[in-house]
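Report on one structure; see the data block that follows.
As the structure is a computational prediction, the values presented were derived from the model and not from experiment.
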Amino acid sequence: MFGRIRNKSKSGRNNSEEIVQTGSYGPIPPSADAVKASLNEIFSNCCDFILREIACGKNGAIRILVAYIDGFVSKNELNQDVVRPILDFLANEESPGGSSIYNRLTDCIVVNNDIHEAADMHQAVDGIISGEAVLFIDGETRALVVGVKAPQGRQVQEPDTETSIRGAREGFVENLLTNTALIRKRIKNPNLKLEMMHLGDRTKTNVCICYIKGLANEAIVREVRERLKKIKTDAVLDSGIIEQYISDNRLSLFPTVGSSEKCDKLAGKLLEGRVAIFCDGSPHVLTVPYLFVESIQATDDYFDHAFFATFMRLLRVIALTTSTLLPAMYVALVVYHHTVIPFKLLLTLAASQQGIPFSPFVEAMLMIVAFELLREAGVRMPKPIGQALSIVGAIVLGEASVAAGIASNLMVIVVAITAVCSFIVPPLIRVTMILRFVYLAAANTMGILGIAFVAVAVFVHLCKLRSFGVPYMAPFAPLTVSDLKDSFIVVPIWAMVTRPKVLRQQGNKRGQKGTKRQEVYTQSWQQEKAGK
């Protein structure tokens with residue numbers, strides 16, 4: 001689907017296929033007719049390709065070709081800032097003049113500031129397919145690439161996937177330049193570096209590496225560059241494709257590359273020393289390294305009181321554990337460990353199980369699968385219909401299952417609590433979905449002992465994971481006491497004086513503690529008073 005199929009035999013390719021694959025078009029012909037023929041061959045069967053010839057000077061002695069893709073270029077800007085000044089300035093010219101005309105166009109005529117030179121046909125074609133207008137002058141082997149792109153894509157708005165109570169409402173969009181401008185708006189520092197590269201042999205997608213020099217670890221920045229350069233594919237249509245290529249452990253369920261649509265969230269990660277990866281056409285920006293503890297962090301935590309933020313993080317940890325283990329614990333207690341259950345609750349369980357034709361394991365599997373089907377249907381359907389389908393479907397399905405004797409009341413309650421808890425930690429919602437079935441199978445086989453075995457295996461796997469060389473379970477394994485201030489607990493923002501040590505970046509100090517700042521202000525005030 002995404003262009004991974006390649007021709008392995010060169011003998012089966014025709015000449016145009018070879019040109020497209022290698023991207024080699026040769027030098028720019030000096031004749032306008034030859035340029036026109038070459039461009040018409042390259043962009044054959046492209047109904048949106050526009051090639052316009054302008055005859056300038058007396059008796060049309062000077063020929064200029066304007067090539068662009070319709071829909072990419074702002075025609076008003078092209079006509080007013082490029083074509084009209086050329087016609088006015090060259091109205092009295094008699095001879096073509098070759099290079100002199102080219103230099104005069106560059107220096108005097110074109111008022112657009114975004115202009116650069118294309119030394120060969122390959123650079124000129126890249127400029128055309130990137131949404132810019134290219135000027136070819138008869139008798140000149142160079143071309144002018146003029147940036148007259150039309151605004152495209154949706155406007156900046158709040159992302160639906162990451163809502164916040166406090167903080168900025170701006171989110172990234174599909175336009176790469178807009179996204180980088182949103183970060184520049186928040187981090188006004190020349191050390192914020194943006195490195196551009198192209199990925200995809202056919203799509204030529206713009207990908208940008210963003211980091212703060214002096215804060216980001218240079219080894220991690222180099223590793224990001226190397227992994228991106230090793231991506232060999234025909235198409236890069238979204239940042240999710242890049243994520244699959246650069247992940248450390250591609251078979252692991254747990255994400256080792258972060259993703260966010262929030263501008264303020266990404267700015268905070270960059271200031272901690274992380275590296276961001278922008279992909280043109282995608283509102284999701286990747287961040288590396290990515291740690292497990294980031295899954296329970298939210299931007300609201302840093303804008304609210306530390307006590308409330310700590311309580312909410314502990315609540316997220318409880319929700320994550322509940323959504324993963326609750327159905328398995330229910331099955332283990334009902335099937336193997338009756339003596340642990342209080343007597344009155346055991347009577348209620350026995351009464352609810354009466355008449356159910358399935359075992360607790362099969363019952364739990366059916367209800368969880370039904371919930372996942374409803375959730376997937378709600379996501380894929382249009383938003384107004386999807387919300388109504390999820391709510392009404394869950395209510396009707398739960399009541400009908402109990403009335404038909406397919407599921408017990410307690411099982412419906414367990415699945416409902418599991419469903420609610422699974423939405424509290426969105427980054428791990430797919431991970432918990434898979435682990436839920438694994439724990440269920442282990443509980444049905446060995447009870448709580450099976451759950452313990454799977455939990456140990458998962459924990460060992462998490463401790464072995466790395467994200468660009470950084471331990472995935474940091475700051476817990478290995479234990480870094482100074483980094484625990486922003487883990488399951490949150491200390492006041494004025495007490496976070498150091499950046500995460502596990503990132504091993506320079507400039508570890510964020511600033512001075514509140515008490516030290518107060519001492520500095522007091523000393524300064526006393527010195528001014530003594531001087532007066």
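With hydrogens and angles ignored, the 3.5 Å screen pairs a side-chain donor or acceptor of Asp483 with a backbone N or O of Lys501. Asn179 contributes no side-chain N or O that, together with a main-chain N or O of Glu174, makes up a donor-acceptor pair within less than 3.5 Å. No donor-acceptor distance shorter than 3.5 angstrom exists from the side chain of Gln123 to the backbone of Val145, with no hydrogens or angles considered. In terms of modelled atom types and a separation under 3.5 Å, the side chain of Asn79 and the main chain of Lys75 share a donor-acceptor contact.
Taking CD from Glu53 and CZ from Phe136, the interatomic distance works out to 13.0 Å, rounded to the nearest 0.5 Å. With rounding to the nearest 0.5 Å, the separation of CG in Leu266 from OG1 in Thr299 is 12.0 Å.
Other residues, nucleotides and ligands contribute more than 12 heavy atoms inside 6.0 Å of the CZ atom of Arg225. Enclosure of atom CD in Gln157 by more than 12 non-hydrogen atoms of other residues, nucleotides or ligands within 6.0 angstrom is indicated. Shown here is Arg84, whose CZ atom has no more than 12 heavy atoms of other residues, nucleotides or ligands within 6.0 Å.
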Show me the side-chain donor-acceptor pairs of residues 462-470 shorter than 3.5 Å, one per line, residues at least two apart or across chains.
from: Arg466; atom 1: NH1; to: Cys463; atom 2: O; distance (Å): 3.2
from: Ser467; atom 1: OG; to: Thr256; atom 2: O; distance (Å): 2.7
from: Ser467; atom 1: OG; to: Tyr290; atom 2: N; distance (Å): 2.9

Listed pairs under 3.5 Å, donor-acceptor, residues 125-134 side chains, sequence neighbours left out:
from: Asp126; atom 1: OD2; to: His122; atom 2: NE2; distance (Å): 3.2
from: Ser130; atom 1: OG; to: Asp126; atom 2: O; distance (Å): 2.6

All N/O donor-acceptor pairs, side-chain side in residues 422-430, below 3.5 Å, sequence neighbours left out:
from: Ser422; atom 1: OG; to: Ala419; atom 2: O; distance (Å): 2.6

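When Arg313, Lys265, Arg274 are each tested for a salt bridge (Lys or Arg N to Asp or Glu O under 4.0 Å) with Glu294, only one passes: Arg274.
Side-chain atoms of Thr205 and Asp280 include no donor-acceptor pair closer than 3.5 Å.
Between Arg227 and Asp248 there is a salt bridge, since a side-chain N of the basic residue sits under 4.0 Å from a carboxylate O of the acidic one. Contact check on Arg375 versus Glu372 returns a salt bridge, with a Lys/Arg side-chain nitrogen under 4.0 Å from an Asp/Glu carboxylate oxygen.
Annotation: ring pair (Phe, Tyr, Trp, His ring centres under 6.0 Å) contacts involving residues 152-191, sequence neighbours excluded, comprise Phe172-Phe278.
The salt bridge (Lys or Arg N to Asp or Glu O under 4.0 Å) check on Arg316 picks up Asp301, with sequence neighbours excluded. Under the side chain to side chain contact (heavy atoms under 4.5 Å, CB included) criterion, Ile50 pairs with Tyr68, Asp70, not counting sequence neighbours.
Across Ala267 and Ile183, no two heavy atoms sit closer than the pair N-CD1, 4.3 Å.
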